[in-house]
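A short write-up of the structure that comes next.
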Amino acid sequence: MKLDRRQILLGSAGAAAGLVLPGSAAWAQTPASIGTFPDGVTADSVFVGLTIPLTGVFSGDGGDLKLGYELAISEINAGGDAAKKWGLQGKGVLGRQIRHKVSDTEGKPNLDVQSATQFIQRDKAIMLSGSVSSASAIALEELGSREKVLYMVGIAGSNDITGKNCQRYGFRSQQNAYMAAKALAPVVAKALGKNMKTAFLVPDYTYGHTVYDSFAKFSKEQGWQQVAKEVVPLGTTDYSSALLNIANSGADVFVNIAFGADAVASTKQAEQFGVLKKMKLVVPNLSSFQDKELGAEIMQGVYGSCDFWWTLSDRYPLAKGFVDAFVAKNKYHPRWGAHIGYMQTYLWSLTVERVKSFNPVDVIKAMEASKEQPYETTIGKVYFRAEDHQMVRPIPVLRGKAPAEMKGPEDYYEIVDVAEGESVMNPPDLFGCKLGSYT
């Protein structure tokens, strides 16, 4: 049964600071009905739609992402110690259980949009999340803003998501390409040396191009010189032509921007072509299972950045709770895909409880005000920047361990640096973000 409309609206608030009472200026700016609110809020539950590639190029990251969402949802619905440590009260969110469905979208933007549209129309989804492809994330945040349904971005590193394609209804917790490159470049230059020659392998879509632009910029500032750039289609199976050119380029460093299964396939072929014997390997954004699928022999000495690595559990209490619970449930250590799904679900839930409403306008305004009331999370204190909805957050920089250094079968990386979020942020207007209307 649906909750009485008046009861729902009496729970609505317009700012992170607390409850906004009817008659106030802030209250007047919040529509009583928008998107799937309040129709999607029943007396005992709300629905969340997850669009995730469980097959295709991004299936490894997608499977991990799915498990992160499901762990968070189960903890929040149970209302036990884990949810309480995050600051939630009772079982569920505002006393309502989270229902969810997962759609396998194969990493294809059109399937993401089709699935999310069904979640909105059929299930009255109060929140959408998911994606591994940046192209999918851009399509989903555009859909969310058009339909006035909040979209919490899944895995997606393109600058465009919180840049020229930013949307009022989209929020991203992962670092963008600029942030990752600015954090990584000084570390690798110090480790590998100045005045290095670089060769890039670039997947031909928004993620690949913006990661290339950012890492090329910041590595150049470290004195590195580009000698080759090979652009390849997403889903390439034979990299021989591109890798032959890279092998003959005279480069000292191979910067592989490919992601997911493409990252694994291209790196294996790079080893076969002798590229890895000639050059150091740098991966601006490490894929969730690149370590396991390639093995420590290939990944040793490789530098890269990521959203989260499980040994951060030594630094942050909430990270330890997440890692321990994930291992107990899934029998392996979570990768950063799982972390994104887990943290995004908690951040949305916390914000709903802050404003005491599922109204997306109130939730958006509270997230935009989170600099004044930051979230305590698995990576410490974080907040969403009001100007572009990019999370300001620390960024781990990793180095692959040699087999002899590993203390266990999943101990693939050493955390060599954690860049402070404010220090690596791009200017809010650098990539052309213009957030649209709330209504």
Side-chain angles (χ1 to χ4, degrees), residues 48-73 100-120 123 125 127-144 151-158 160-161 165 170 172-174 176-177 203-211 232-237 256-267 283 285-294 306-308 326 330 332 334-345:
V48 169
L50 305 175
T51 64
I52 301 173
L54 299 178
T55 56
V57 173
F58 304 122
S59 59
D61 297 271
D64 196 51
L65 180 68
K66 173 179 177 287
L67 295 178
Y69 286 120
E70 291 177 343
L71 176 59
I73 290 170
H100 78 283
K101 292 179 183 176
V102 176
S103 176
D104 176 12
T105 59
E106 304 172 26
K108 298 177 181 178
N110 63 319
L111 295 183
D112 279 281
V113 170
Q114 289 174 19
S115 296
T117 300
Q118 286 187 340
F119 288 147
I120 292 170
D123 302 294
M127 189 267 278
L128 301 170
S129 196
S131 83
V132 173
S133 162
S134 289
S136 290
I138 289 169
L140 286 166
E141 65 178 353
E142 289 175 353
L143 174 70
Y151 169 56
M152 302 295 285
V153 179
I155 300 174
S158 171
D160 295 343
I161 292 164
N165 294 110
R172 173 168 57 183
S173 67
Q174 177 189 338
N176 65 19
D204 191 12
Y205 71 118
T206 178
Y207 166 80
H209 293 297
T210 64
V211 172
V232 294
L234 185 66
T236 294
T237 56
N256 191 352
I257 296 173
F259 195 81
D262 286 358
V264 174
S266 58
T267 304
V283 182
N285 283 290
L286 294 156
S287 303
S288 293
F289 293 98
Q290 194 166 351
D291 45 33
K292 182 178 179 180
E293 293 184 34
L294 290 172
C306 67
D307 167 271
F308 178 86
F326 190 94
N330 300 298
Y332 76 90
R335 301 312 200 262
W336 61 278
H339 177 256
I340 286 176
Y342 184 84
M343 185 167 75
Q344 289 282 53
T345 307

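Between the side chain of Asn330 and the main chain of Tyr332, no donor-acceptor pair closer than 3.5 Å is present. With Ser266 contributing its side chain and Ala263 its backbone, the two residues share a donor-acceptor pair below 3.5 Å. Without hydrogens or angle criteria, Thr105 side chain to Leu111 main chain gives no donor-acceptor distance under 3.5 Å. Checking side-chain atoms of Asn256 against main-chain N and O of Val283 turns up no donor-acceptor pair under 3.5 Å. For Trp336 (side chain) and Gln174 (main-chain N/O), no donor-acceptor pair under 3.5 Å exists by modelled atom type. The closest donor-acceptor contact from the side chain of Asp104 to the backbone of Leu54 lies under 3.5 Å.
Contact record, Val153 with Ala137: CG1-CB, 4.0 Å, taken as the closest heavy-atom pair. The two residues Phe326 and Ala338 have their closest heavy-atom pair at CE1-CB, 3.6 Å. When all heavy atoms are compared, the tightest approach of Ala135 to Thr206 is N-CG2, 3.8 Å. The shortest non-hydrogen separation linking Pro233 to Asp204 is CA-CB, 4.3 Å. Thr345 and Ala72 make their closest contact through CB-CB, 3.7 Å (heavy atoms, listed as atom of the first residue, atom of the second, distance). Residue Ala116 comes nearest to Leu143 through the heavy atom pair CB-CD2, 3.4 Å, listed as atom of the first residue, atom of the second, then distance.
With sequence neighbours excluded, the residues that form a side chain to side chain donor-acceptor pair (under 3.5 Å) with Asp123 are Lys101. Scanning for side chain to side chain donor-acceptor pair (under 3.5 Å) contacts around Ser173 gives an empty result, with sequence neighbours left out.
Ring pair Phe58/Phe259 is tilted by interplanar angle, where 30° to 60° counts as tilted.
Annotation: the span from Ile52 atom CD1 to Ser115 atom OG amounts to 10.5 Å, rounded to 0.5 Å. For the atom pair OG of Ser158 and CZ of Arg172, the computed distance is 6.5 Å after rounding to the nearest 0.5 Å. To the nearest 0.5 angstrom, Gln118 atom CD is 7.0 Å from Ser103 atom OG. A distance of 5.0 Å separates CG in Leu128 from CD1 in Ile120, rounded to the nearest 0.5 Å.
Pro109 is listed as a side-chain neighbour of Ser136, based on a closest heavy-atom distance under 4.5 Å. At least one side-chain heavy atom of Asp262 sits less than 4.5 Å from a side-chain heavy atom of Leu234. Between Phe119 and Leu50, the closest side-chain pair of non-hydrogen atoms is not below 4.5 Å.
Inspection of the Tyr69 and Ser129 side chains reveals an N or O donor paired with an N or O acceptor under 3.5 Å.
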Report the C-alpha separation of Lys292 and Arg335 in whole Å, then their side-chain angles, then the decisive distance to 0.1 Å, and conclude whether the side-chain contact (heavy atoms from CB on, under 4.5 Å) test is met.
CA-CA 11 Å; Lys292 182 178 179 180; Arg335 301 312 200 262; 4.1 Å; yes
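Remark: aromatic rings of Phe308 and Tyr342 are distant, center separation not under 6.0 Å.
Listed by first and then second residue, the salt bridge (charged side-chain N to carboxylate O under 4.0 Å, His left out) pairs that reach into residues 54-67 are Lys66-Glu70, sequence neighbours excluded.
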